[in-house]
Amino acid sequence: MMTNVKVQKWGNSQGIRISKEILAELNLLHLEEINFELSIKDGRIELRPVNNLSFLEQLFIGYDFTEKPGTVDWDDEPPTGKEFW
């Protein structure tokens with residue numbers, strides 16, 4: 001997909017807005033914040049999405065989904081403080 005964009009003033013910087021259609025094609029539309037790697041090659045700007053996981057996906061990085069946590073039956077545990085049962 002090729003589209004024309006313009007650079008616009010954005011605060012004290014310049015910015016390029018990326019359309020929803022392009023983000024949807026890259027499967028990035030659901031993210032609140034998107035990180036890109038920017039490089040310049042032969043007078044062209046290239047943007048590549050990097051490490052774009054949702055917040056929930058980031059929380060589960062390295063989690064072994066095959067491991068099931070154990071359960072605790074709190075009724076069998078004696079009080080350890082000044083609780084009233």
Side-chain angles (χ1 to χ4, degrees):
M1 171 185 272
M2 178 84 79
T3 184
N4 291 327
V5 296
K6 61 181 174 180
V7 177
Q8 297 176 314
K9 186 164 179 56
W10 199 336
N12 291 330
S13 302
Q14 300 288 320
I16 298 172
R17 293 187 179 169
I18 301 172
S19 71
K20 286 182 179 180
E21 293 79 20
I22 291 175
L23 293 175
E25 187 172 320
L26 295 171
N27 197 26
L28 299 173
L29 193 56
H30 66 286
L31 300 174
E32 218 172 279
E33 184 175 295
I34 304 168
N35 296 305
F36 286 91
E37 176 185 279
L38 186 144
S39 61
I40 299 173
K41 294 183 182 174
D42 300 324
R44 298 171 64 171
I45 297 173
E46 292 184 4
L47 293 174
R48 296 182 190 278
V50 292
N51 190 25
N52 288 302
L53 300 175
S54 70
F55 178 72
L56 187 60
E57 290 169 326
Q58 291 177 26
L59 289 176
F60 284 96
I61 290 175
Y63 180 75
D64 180 9
F65 288 94
T66 60
E67 182 181 320
K68 302 292 182 211
T71 59
V72 175
D73 186 359
W74 296 106
D75 292 332
D76 293 340
E77 296 292 319
T80 57
K82 296 181 181 181
E83 303 94 356
F84 291 104
W85 293 98

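The analysis underlying the following values was restricted to heavy atoms, covering all of them including side chains, and did not include hydrogens, waters or symmetry mates. Please read all numbers here as calculations on a predicted model, not as lab measurements.
Linking Ile, Leu, Val, Met, Phe, Trp and Tyr whenever their side-chain heavy atoms come within less than 4.5 Å leaves Leu29 and Ile16 in two separate clusters.
Applying the salt bridge (Lys or Arg N to Asp or Glu O under 4.0 Å) test to residues at least two apart or on different chains, the pairs with a partner in residues 47-56 are Glu46-Arg48.
Of all non-hydrogen atoms in Glu37 and Val50, the two that sit nearest each other are CB-CG1, 3.9 Å.
Phe36 pairs by the ring pair (Phe, Tyr, Trp, His ring centres under 6.0 Å) definition with nothing, not counting sequence neighbours. Remark: Ile22 pairs with Met1, Thr3, Ile18, Ser19, Leu26 by the side chain to side chain contact (heavy atoms under 4.5 Å, CB included) rule, at least two apart or across chains. Taking the side chain to side chain donor-acceptor pair (under 3.5 Å) definition, one finds that Thr66 meets it with Asp64, sequence neighbours left out. Residues forming a side chain to side chain donor-acceptor pair (under 3.5 Å) with Glu25 (at least two apart in sequence, or on another chain): none. When the side chain to side chain contact (heavy atoms under 4.5 Å, CB included) test is applied to Arg44, no partner is found at least two apart in sequence or on another chain.
Considering CG of Leu28 and CD1 of Ile34, their distance stands at 5.0 Å, rounded to 0.5 Å.
Atom CD1 of Ile45 has 12 or fewer neighbouring heavy atoms from other residues, nucleotides or ligands inside a 6.0 Å radius.
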Throw together a table of side-chain donor-acceptor distances under 3.5 angstrom for residues 4-12, partners on residues two or more places apart or in other chains.
residue : atom : partner : partner atom : Å
Lys9    : NZ   : Gly11   : O            : 2.9

